[in-house]
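The sequence lines fix the lettering, A, B, ..., with proteins before strands; numbering per chain opens at 1.
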Protein chains: 2
Amino acid sequence: MTPPKTTMTDVAAAAGVSPMTVSNTYKYPERVQEQTRARVLECAAELGYVPNIAAGNLAAGESRVIGGTIPSMRNSSFYKYVLGMQNCANAHGYKLVLMLADTIEQERSAIEALIGLRVAGLVLVGTEHAPEAMTLLKRSGIPVVESWTPAGAMDLGVGFDTAAATRTLVRLLLKDERRQRIALIVHEGTGSRRFLERVPAFRAELAAAGRKDDLVHFAQETDGFGAGRRALDALLQREPELDAVICPTDIVAAGILFECSRRGLAVPDQLAVAGWGDYELAQEVTPQLTTVHPNASEMGAAAIDLLIRRGQGTIPAGYSIDTGFEILERASTRERAHRSP
Amino acid sequence: MTPPKTTMTDVAAAAGVSPMTVSNTYKYPERVQEQTRARVLECAAELGYVPNIAAGNLAAGESRVIGGTIPSMRNSSFYKYVLGMQNCANAHGYKLVLMLADTIEQERSAIEALIGLRVAGLVLVGTEHAPEAMTLLKRSGIPVVESWTPAGAMDLGVGFDTAAATRTLVRLLLKDERRQRIALIVHEGTGSRRFLERVPAFRAELAAAGRKDDLVHFAQETDGFGAGRRALDALLQREPELDAVICPTDIVAAGILFECSRRGLAVPDQLAVAGWGDYELAQEVTPQLTTVHPNASEMGAAAIDLLIRRGQGTIPAGYSIDTGFEILERASTRERAHRSP
DNA sequence: AAGTTGAATTGTAGCGCTACAATATGTGGG
DNA sequence: CCCACATATTGTAGCGCTACAATTCAACTT
């Protein structure tokens, strides 16, 4: 019932050295003579010893564990982002532990737990956090990187300019000057305001081109494909002449594509559809989706990198990295063929 | 630079009580008088104090953190599974920390890190683990639940009978007795053999019906939708009379659907397609996909529940829970309409 | 031969917390 | 008024580990 816990002292006894030598074997191998180290490791393996990281952190007053919260695992951008974080962390001898945080409240609880674990740093998504969490974060002095956000981080940040990406998408759609009624769909919900900064960018760009900028639709984040269907429904009701739509994610865009095919609406001839996120899906649907590629993996790596360098004191406060984006223009927004006049 | 770390002693001093009273306030609130507790919590909040879980675990020799490894975040079943775990853990006052483990080697490294953190228990996916990891797991005495697997767990297990699900799918396809050439696609790869147990079930059921059972295709797990395209290609080359196909995931099935639409192959009339996992996508594609619903959320909850109850000593070794599955029959495998004779 | 050096190893103390036993503080009975 | 008795609070010791200073010991100098 009670598992026989193997400690450093046990290993030391078995190897005939002092506990400190065992400690050094793991933490500063170069301080221990080759053959001593080999013997220690052998004994450790034989006893099934795994160093108690928590105790080590406590004694050393530092940690090589980085915590991350993720708001959703449902899209492939986040997957690449987490992979990027993990690879970078491992390459530097850090471990990444994740906690799921779908809502601000869950995030608060996760942040508290990770601070409790005394992680070396924290990577959060976005800049909206529970006020209590912000306070704790500041008090604890743990370095924090906020990701998927171009600016406005409390300290360190990585991300790309979503407003710029939105403007670029609008301009791309306006290349076909016959498109008069362009809509923007954004998510709203308990979780995140991070879509909302696209709205003013959208409006500004349309206004600059002398178009009406009233078609902004708010969709539930939890709805997935269904949100696309519902959004299209609502938008067509408001504006039967709808020309083009910019979606908050490729999932929503795909939902719209599916709905268009049900209704017999031709994409892109009758309706141009732009996605967001460059999910794998975007290349598989017909027509292929124009989308925003977020460099998720680079973003993840940059976040961890910032954290580690901040720990070394080589990064000033308030530093931010823009990991850029790329607009992938595909069939779903191609200009309509000009018919002979 | 050096963040002023607030400790229990600081809070105790501020509240004018002993450190033990602060400790009790958090761990055994009922032992502390109402007003004392209130004062302690107030001081803690003011100082931004968060208990050091790691130190607490060390002193108490126990932990309320559960570790989990996840092989992929790309599908919605895993999302629901993780949610199920997290909800159950939180409901019992436990925290769930996750590590990404796409390969056996990454899993080994994650297991080691989580043991190092001295988590209360571990939830792994599948039954294949690095031998070193298995040894450590046994030696450490940490309770382990293996999930997504019906049987063969080293100790505790949760999952459903994938062989039974496969047989049910085959029988469903055989209801249309004109279907002669049914194929099975499974994933193979560095990551997992967990798809392979479907093969003998597939063969046995077909053999029992007097059909040929040779059409088994192995696809790369990393390929996503593309795997569907490639698999269909390969299968049609081997057997132009292909009637039906059972896919390892809904993603692969959707890939096949997309490819069918490109080729002008009618689903289900010319080719029946069955998916696996009941992803959101399955209901959105046309035709809607027949699929296996894995009760992912229940599985996650059951895993954590087992772990906690094992910690309390109320679960015998070798205990397994079958969380069942459901076959969702949808348009992609409907019987072909009988033409009048 | 005594002194100097450097590498390898080892005590000591303490990280922040909790189990446990010990003490203080009240309450009512005899 | 003293004793039992429960309730509230507090020392003490130690969890497993590491920083740091102290020690050992062989290999060179001079």
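At the phosphate of dT18(C), OP1 or OP2 sits under 4.0 Å from a side-chain N or O atom of Ser23(B). For the OP1/OP2 pair of dA7(C) and a distance below 4.0 Å, the side-chain nitrogens and oxygens of Gln33(A) include no atom meeting the criterion. For Thr21(B) and dT10(D), the shortest distance from a side-chain N or O to OP1 or OP2 is below 4.0 Å. Between Thr36(A) and dT9(C) there is a side-chain N or O to OP1 or OP2 distance below 4.0 Å. Look at Tyr28(A) and you'll find a side-chain N or O under 4.0 angstrom from OP1 or OP2 of dA19(D). Contact annotation: Thr9(A) side-chain N/O to dC17(D) OP1/OP2 distance is not under 4.0 Å.
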Q: Please test His129(A) against Glu107(A) for side chain to side chain contact (heavy atoms under 4.5 Å, CB included), starting from the C-alpha separation and ending with a verdict.
A: CA-CA 7 Å; His129(A) 317 291; Glu107(A) 192 200 45; 2.9 Å; yes

Q) Do Val145(A) and Val158(A) pass the side chain to side chain contact (heavy atoms under 4.5 Å, CB included) test, and can you show the C-alpha distance, the side-chain angles, and the key distance before you say yes or no? A) CA-CA 7 Å; Val145(A) 175; Val158(A) 296; 4.2 Å; yes

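Atom pair Tyr26(B):OH and dC17(C):C1' shows a separation of 13 Å (rounding to whole Å applied). In this entry the distance linking CG of Asn52(B) with P of dC15(C) reads 12 Å, nearest Å. Between the P atom of dG16(C) and the NZ atom of Lys27(B) lies a distance of 18 Å, rounded to the nearest Å. Atom-to-atom, CZ of Arg118(A) to C1' of dC17(C) comes out at 10 Å; the value is rounded to the nearest Å. Atom CD of Glu30(A) is separated from atom C1' of dA8(C) by 12 Å (rounded to the nearest Å). Atoms CE (Met8(B)) and P (dA19(C)) sit 10 Å apart, rounded to a whole Å. Remark: C1' of dG16(D) and CD1 of Ile53(A) are 13 Å apart, rounded to the nearest angstrom. In this structure, the CD atom of Glu62(B) is 21 Å from the P atom of dG16(C), given to the nearest Å.
If you check dC15(C), dT18(C), dT9(C) against the side chain of Ala59(A), the one that comes closest is dC15(C). Nearest to the side chain of Thr7(B), among dT10(D), dT18(C), dG16(C), sits dG16(C). The listed nucleotides are dG16(C), dT10(D), dT10(C); the one nearest the side chain of Leu58(B) is dG16(C). With dT12(D), dG16(D), dG16(C) as the choices, the nucleotide that has an atom nearest any side-chain atom of Met20(B) turns out to be dT12(D). The side chain of Ser18(A) lies closest to dT10(C), out of dG14(D), dT9(D), dT10(C).
Under the 4.0 Å criterion applied to side-chain N and carboxylate O atoms, Arg39(B) and Glu42(B) are not assigned as salt-bridge partners. The pair Lys138(A)-Glu132(A) does not count as a salt bridge, with every side-chain nitrogen at least 4.0 angstrom from each carboxylate oxygen.
Pro51(B) comes within 4.0 angstrom of sugar-phosphate atoms only, judged by non-hydrogen atoms across all strands, and of no base. Contacts of Gly61(A) with the nucleic acid, taken as non-hydrogen atoms under 4.0 Å apart, are absent. Looking at heavy-atom distances under 4.0 Å, Asn57(B) makes no contact with the nucleic acid at all.
Projected onto DNA chain D by closest heavy-atom contact, Val17(B) and Ala55(A) fall at different nucleotides, the more 5' of which corresponds to Val17(B).
There is a side-chain donor-acceptor pair under 3.5 Å between Asp102(A) and Tyr79(B).
Aromatic ring pairs are classed by plane angle as parallel below 30°, tilted from 30° to 60° and perpendicular above 60°; the pair Phe78(B) and Trp148(B) is tilted.
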